[in-house]
Amino acid sequence: MITVKRLHKYYKEHHLFKGIDLDVRKGEAVVLIGPSGSGKSTFLRCINGLEYFQEGEIDVDGIQLHSINRLHPGKEDLEIIRQIRLKAGMVFQQFNLFPHMTVLENIIESPVQVLRMEKHSATEQATAILKRINMQAKAQSFPHQLSGGEQQRAAIARALAMKPEAMLFDEPTSSLDPEMVGEVLSVIKDLVNEGMTTLIATHEMGFAREVADRVVVFDKGDILETGPPEKIFTNPSAERTRAFLSRILIP
Ligand code: ADP
Ligand code: MG
């Protein structure tokens, strides 16, 4: 579903990714872990067309994004990025809801504007999604009237309303108070169990262990290793994985 090949990314003279690869199968839940600054966000942002990269190829469900596209994006390049974003919905640490719109309006905005859905069917669909994540009572609330956990669930609902083939989560619980982390992770867990292809950058190791089909360990722009959670968390191959895990698991 998602293939990243020989990805090179520079931030000015900083050569962050030196030809990294990753394959994500349809329905797979892949969790990205690693220290701050290791490149998890940049990796997700490259897949979603939010960052350009200098070399390599990214394929999301048949839509190919090449490095060359982004240097001087022409009409065709912008069209590819648009299509990639339709394939892969993204949820960020900050909830990014439109503050002047209700939860329902936030969710139907893109289906109506971008997918040209009829307002009544977009509303029906939004209501069904809200029900699924137990947020139907908040449909008419504005973002500032919601808790952080509710705002993030609404942001997930908004991404789902575009019927993506895959979902990318960049530290979706990092700006939440601890008591709200569980409700957001539980929505993501349900998505994974329903077979959604997901890539999730997180520091929630318990969650990673529970939902990941595969864990990918980033360090300094490199992928140290990938493997099933049982392997990574109990018997990692790389010394740097061991060091990272011991830092965060035994504070
Ligand atoms: P993570 O999400 O794992 O914390 P990031 O992808 O945010 O890591 O960052 C990886 C590296 O790239 C860091 O060294 C960071 O300083 C650098 N970086 C990220 N975004 C930018 C940017 N917009 N400009 C310059 N350097 C950046
Ligand atoms: Mg990050």
Side-chain angles (χ1 to χ4, degrees), residues 2 4-22 24 29-58 60 65 67 69-73 81 84-85 88-96 148 151-152 155-156 159 166-178 180-181 184-185 188 198-209 211-212 214-227 229 232-233 236 238-249 251:
I2 300 173
V4 178
K5 271 191 204 156
R6 299 180 305 276
L7 180 69
H8 285 259
K9 167 73 186 168
Y10 292 81
Y11 280 117
K12 301 229 172 82
E13 60 285 348
H14 178 198
H15 194 174
L16 176 63
F17 297 145
K18 298 170 181 150
I20 57 175
D21 302 280
L22 187 72
V24 181
V30 173
V31 173
L32 315 181
I33 64 171
S36 285
S38 57
K40 305 178 298 294
S41 296
T42 304
F43 189 76
L44 293 175
R45 292 169 60 84
C46 284
I47 292 174
N48 195 241
L50 286 170
E51 273 301 338
Y52 74 84
F53 48 92
Q54 285 77 5
E55 270 180 67
E57 277 168 47
I58 294 175
V60 180
L65 190 57
S67 48
N69 288 331
R70 307 301 308 280
L71 297 175
H72 304 283
I81 291 164
I84 289 252
R85 291 194 189 149
M90 186 146 172
V91 172
F92 303 88
Q93 185 173 332
Q94 294 305 332
F95 324 119
N96 290 327
Q151 288 186 56
Q152 189 60 305
I156 295 172
M167 287 283 288
L168 314 176
F169 292 93
D170 190 3
E171 296 201 27
T173 59
S174 292
S175 51
L176 296 176
D177 290 334
M180 290 163 191
V181 168
V184 171
L185 292 181
I188 299 174
T198 43
L199 253 175
I200 311 161
T202 186
H203 289 291
E204 296 288 337
M205 297 300 149
F207 172 76
R209 219 168 163 145
V211 307
R214 204 145 47 99
V215 174
V216 177
V217 188
F218 274 76
D219 189 45
K220 299 179 184 149
D222 199 10
I223 291 178
L224 289 181
E225 60 185 305
T226 81
I232 301 286
F233 290 113
E239 188 45 49
R240 270 145 71 200
T241 305
R242 219 174 276 272
F244 167 67
L245 290 175
S246 67
R247 276 203 307 280
I248 57 162
L249 296 178

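Source: prediction; values computed, not measured. Each residue takes its place number in the sequence, starting with 1. Ligands are counted one by one from 1 in listed order, and the atoms in each one are counted from 1 as well. FYI, side chains are in, hydrogens and waters are out, and symmetry mates aren't considered; it's all heavy atoms of this structure.
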Which residue supplies the protein heavy atom nearest to [atom], what is that atom called, and how far is it?
atom                    : result
atom 18 (N) of ligand 1 : Y11 CE1, 3.2 Å
atom 10 (C) of ligand 1 : G37 O, 3.3 Å
atom 7 (O) of ligand 1  : S41 CB, 3.8 Å
atom 8 (O) of ligand 1  : G39 N, 3.1 Å

Using 30° and 60° as the class limits, which term best fits the ring planes of Y10 and H15: parallel, tilted or perpendicular?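 Parallel.
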Measure the shortest side-chain to side-chain distance between [X] and [Y] over non-hydrogen atoms and say whether it is less than 4.5 angstrom.
X    : Y    : result
M167 : V91  : yes
L50  : M90  : yes
I81  : L65  : yes
D219 : F244 : no

Could you tell me whether a side-chain N or O of K9 sits under 3.5 Å from a main-chain N or O of C46, the two making a donor and an acceptor?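 A pair under 3.5 Å: no.
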Atom 22 (C) of ligand 1: any protein heavy atom closer than 4.0 Å: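 Given the 4.0 Å limit, the answer for atom 22 (C) of ligand 1 is yes, a protein heavy atom qualifies.
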So, for atom 16 (O) of ligand 1, does the protein have a heavy atom nearer than 4.0 Å?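 Flag for atom 16 (O) of ligand 1 set to false, no protein heavy atom closer than 4.0 Å.
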Location of contacts on [X] toward ligand 1, heavy atoms closer than 4.0 Å:
X    : value
H14  : side chain
A201 : neither
L16  : side chain

Output the list of atoms in ligand 1 that are nearer than 4.0 Å to some heavy atom of S36, sorted by atom number.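 Counting from 1, the qualifying ligand atoms are 4 (O).
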Ligand 1 atoms in contact with P35 (distance to a heavy atom under 4.0 Å):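 Those of ligand 1 that fall under 4.0 Å from P35 are 3 (O).
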Inspect the contact between K5 and D21 and indicate whether a charged nitrogen and a carboxylate oxygen are less than 4.0 angstrom apart.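 No, D21 and K5 are not salt-bridged.
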Taking atom types as modelled, is there a side-chain donor on Q93 or S175 under 3.5 Å from an acceptor on the other?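 There is no such pair (donor and acceptor under 3.5 Å, judged by atom type) between the side chains of Q93 and S175.
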For H203 and S36, which heavy atoms make the closest approach, and how far apart are they?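 Heavy-atom minimum between the residues: NE2-OG, 4.4 Å.
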Can you tell me how far apart CG (L224) and CZ (R242) are? Round to the nearest 0.5 Å.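 Result: 12.0 Å between the selected atoms.
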Does any N/O atom on [X] come nearer than 3.5 Å to any N/O atom on ligand 1?
X   : value
S38 : yes
E51 : no
T42 : yes

Strictly under 2.8 Å, is the Mg ion (ligand 2) approached by any N, O or S atom of S41?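 S41 does place an N, O or S atom closer than 2.8 Å to the Mg ion (ligand 2).
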